[in-house]
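Computed over heavy atoms, backbone and side chain alike; hydrogens, waters and symmetry mates excluded. Start at 1 with the first residue, then count along the sequence. Just so you know, ligand 1 is whichever comes first in the structure, and atom 1 is the first atom listed for that ligand.
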Amino acid sequence: MQTSTKGRVYLVGAGPGDPELITLKACRLLQEADVVVYDYLANSRLLQHAHPAAEKIYVGKQAGKHAVPQEQINMLLIQKGQEGKSVVRLKGGDPFVFGRGGEEALALRQSGIACEVVPGVTAGTAALAYAGIPATHRGAATSVSFITGHEDPSKPESEINWDAIAAMHGSLVFYMGVNNAARIARELQRFGKPADTPAAVVRCGTLPTQQTLTGTLGTIADAIKTADMQPPALIVVGEVVNLRKELNWFETRPLFGKRIVVTRSRAQASDLITKLELLGAEVLEFPTIKITPPDSWEDLDRAVRDMSSFDWVVFSSANSAQMFFERIAAAGLDARTLAATRVCAVGPATAELVHSFGIIPDLLPDRFTAEATVEAFNSIAVSGKRVLIPRADIGRATLSAGLSALGASVHAPTAYRTVIDDSHSEDMRNLLRGGDFDMVTFTSSSTVKNFVSGIGPEHLETALRRAQVACIGPRTEETARSFNIVPAIRPGRYTIADLADEIAGFYRGACRNTFKTGGLLEKAQIQGARNLEE
Ligand code: SAH
């Protein structure tokens with residue numbers, strides 16, 4: 001972070017919503033900022049780029065509700081600048097396109113505070129692009145106009161030259177116009193724009209919650225009313241709207257419009273979240289577990305120091321591998337510690353992690369369960385061998401017991417603890433209790449148990465009235481079934497990638513298992529569902 005005595009305020013475009021539609025410059029400035037001032041159109045995920053110690057101030061405005069008046073925002077920016085801070089004023093889209101960025105820049109200039117502007121991806125082109133509507137197109141539009149749809153209706157004279165824009169052979173894009181759609185459509189038609197000119201409305205463009213309505217100038221205002229479409233939305237008028245029929249790519253992705261709950265620990269969830277989001281889903285994070293260090297490292301550290309006495313080390317999860325290698329580093333050692341030891345990784349993600357520490361696993365069972373791992377060791381002579389299994393405090397004993405039964409001398413120190421994450425807002429809990437989502441994903445038994453206790457068992461029935469359930473593997477499914485939860489999805493291979501693929505397949509209608517109701521069965525149905533599964 002900057003510590004110079006002279007402050008500087010950056011008016012930074014946050015893009016239209018998709019958190020990846022931000023510039024590299026915006027990202028760097030966020031990382032360096034002492035203070036971030038943001039509003040509701042700026043995706044709050046962008047704050048993750050900011051330094052944890054940076055001061056983050058919300059000055060959100062929503063239509064009709066001005067949380068912080070513009071003058072106060074200006075004062076705040078000036079004050080933080082005067083304190084010598086590096087300030088990022090994060091504004092939705094582009095700060096100089098209908099964002100009052102000019103006013104903030106002028107106020108700063110008048111107070112002698114240095115101010116720079118970082119342009120952003122404006123909604124006027126981005127939301128259109130995600131709706132499959134090019135802003136211009138040869139033969140369809142030779143120009144594009146960005147127009148405010150928010151003119152004060154009490155003004156006697158419109159500042160908009162309706163005559164001129166109605167005559168233009170181009171696309172007309174209205175910002176802030178949903179509540180004024182009838183007037184916009186009327187004025188354009190009054191000045192000669194044909195009633196059958198194609199028109200569209202795009203709400204929450206570039207976000208998983210994007211909604212698009214299409215129609216004509218004559219019908220669009222009624223369509224907005226019928227759908228009760230609320231801001232933020234753009235109205236676009238022109239022949240380019242017709243291209244959507246062929247170019248609609250975003251809303252046709254397999255999981256578009258699906259709200260999926262991810263219950264994995266925050267630290268581990270990003271892989272699944274990214275995969276689901278790339279498939280188009282809206283992901284709600286409800287981490288049910290947290291991975292924390294064991295009460296004492298003593299046991300594992302002793303094993304690390306004594307590594308050459310072990311013939312095998314078996315990593316049954318990415319967490320156990322991560323913790324193990326961290327302890328190697330803490331002891332001032334490196335991967336050569338494992339020179340005399342063979343390595344088994346249960347699952348591809350674990351193998352990949354082990355690989356990232358410079359070790360190619362010697363054994364990767366073809367299915368990713370404790371049972372399959374024991375089976376894989378069946379054909380390897382482990383009798384009399386020393387095997388280290390760094391494990392979770394609540395891990396099952398299947399692996400240890402199985403390898404012991406094969407004659408191995410097993411040592412299984414605790415490498416991490418799995419504890420309940422109960423840092424959820426009441427809003428999130430209520431949303432889940434109400435069942436306002438399409439699917440919940442469980443990636444371990446503890447995610448199931450903690451999800452149930454997190455929302456309260458008495459709410460399970462309403463929560464899963466409609467929503468489907470996806471379980472990563474047989475153990476997780478077994479735990480789910482113990483709560484009468486019957487998964488519609490359980491991939492053949494127990495990996496995150498397979499889980500995401502199977503979910504996409506389910507919604508494409510390709511999944512064999514087509515449950516019509518939610519994931520919680522009436523008692524009478526339970527047996528039927530079991531039969532179906534078998
Ligand atoms: N500076 C912003 C615009 C701010 S004015 C930009 O460059 O995009 C606010 C208006 O922008 C909203 O009323 C809506 O018309 C439009 N808008 C902003 N984000 C949007 C989005 N994701 N989808 C559709 N319209 C959006």
Give a yes or no on whether the ring-centroid distance for Tyr58 and Tyr38 is below 6.0 angstrom.
yes

Sub-6.0 Å ring centroid separation between His150 and Tyr175:
no

Between ligand 1 and the protein, tabulate every N or O atom pair separated by less than 3.5 Å, reporting distance only.
unit_1	atom_1	unit_2	atom_2	d
ligand 1	1 (N)	Gly92	O	2.9
ligand 1	1 (N)	Asp94	O	2.8
ligand 1	1 (N)	Val97	O	2.7
ligand 1	7 (O)	Asp94	N	2.8
ligand 1	7 (O)	Asp94	O	3.4
ligand 1	7 (O)	Thr122	OG1	2.6
ligand 1	8 (O)	Thr122	OG1	3.3
ligand 1	8 (O)	Ala123	N	2.9
ligand 1	13 (O)	Met176	N	3.4
ligand 1	15 (O)	Met176	N	2.8
ligand 1	15 (O)	Ala233	O	2.7
ligand 1	22 (N)	Pro16	O	2.9
ligand 1	22 (N)	Gly205	N	3.3
ligand 1	22 (N)	Gly205	O	3.0
ligand 1	23 (N)	Gly205	N	2.8

Greater than 12 external heavy atoms within 6.0 Å of Glu103's CD
yes

Testing the 3.5 Å rule here: is there a donor-acceptor pair between the side chains of Tyr507 and Asp438?
no

Does either side chain, that of Thr219 or that of Thr216, offer a donor lying less than 3.5 Å from an acceptor on the other one?
yes

Check each of Arg89, Lys56, Arg100 against Asp39 using the salt bridge (Lys or Arg N to Asp or Glu O under 4.0 Å) test, and report the only one that passes.
Arg89

